[in-house]
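To keep things clear, I will list the structure first and then write my remarks on it.
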Amino acid sequence: TGPAEITEYDPGRGKVTMFIPDCAWHTCGAQESLPNPDKLPEEGCLLICKGAFEELFQGENGGLKMEFEPHLPETSCTARMSWKPQA
């Protein structure tokens, strides 16, 4: 993601929130080299990052859950991670 700031960290409650001010997805590749350069930042953010990670990390059986809140059309995002803390 590039530089990020942890805005909430509470391992006892199973929560971490971070703010990504300028996601690397939008800044690392040349726009004209991407599959649909007219749809940035929406495609990279929603399909490759948000969609894939939320599908993979659903929090099943107390495992890691990830949720992304893109701040489109800017290139920033808030990512929330949660899990069931160990007793």
> For G2 and A24, which heavy atoms make the closest approach, and how far apart are they?
Replying inline: N-CB, 3.9 Å
> Between E8 and T17, is any side-chain donor less than 3.5 angstrom from a side-chain acceptor?
Replying inline: yes
> Do V16 and R80 come within less than 4.5 Å of each other through their side chains, counting heavy atoms only?
Replying inline: no
>> Show, in sequence, the C-alpha distance, side-chain angles and deciding distance for L72 and L46, and conclude whether the side-chain contact (heavy atoms from CB on, under 4.5 Å) test is met.
In response: CA-CA 10 Å; L72 298 172; L46 298 176; 4.2 Å; yes
> Is F19 linked to F53 within one hydrophobic cluster, defined over Ile, Leu, Val, Met, Phe, Trp and Tyr using a side-chain heavy-atom separation of less than 4.5 Å?
Replying inline: no
Check: residues 61-68 side-chain donor-acceptor pairs under 3.5 Å, at least two apart:
none

> So how far is it from K15 NZ to Y9 OH, rounded to the nearest 0.5 Å?
Replying inline: 14.5 Å
>> If I take atom SG from residue C49 and atom CD from residue E54, how far apart are they, to the nearest 0.5 angstrom?
In response: 9.0 Å
> Has the side chain of Q58 got a donor or acceptor atom that lies under 3.5 Å from a matching backbone atom of E55?
Replying inline: yes
> Partners of L56 by side-chain contact (heavy atoms from CB on, under 4.5 Å), sequence neighbours excluded?
Replying inline: none
> Do the side chains of P70 and K50 get nearer than 4.5 Å, heavy atoms only?
Replying inline: yes
>> So which atom in P11 and which in W83 form the shortest heavy-atom distance, rounded to 0.1 Å?
In response: CA-CZ2, 3.8 Å
> What pair of heavy atoms forms the shortest contact from G14 to P85, and how long is it?
Replying inline: N-CG, 3.6 Å
> What are the two closest heavy atoms between I6 and M18, and how far apart are they?
Replying inline: CD1-CB, 3.8 Å
> So, for S76 and P21, which heavy atoms are closest and what is the spacing to 0.1 Å?
Replying inline: CB-O, 3.3 Å
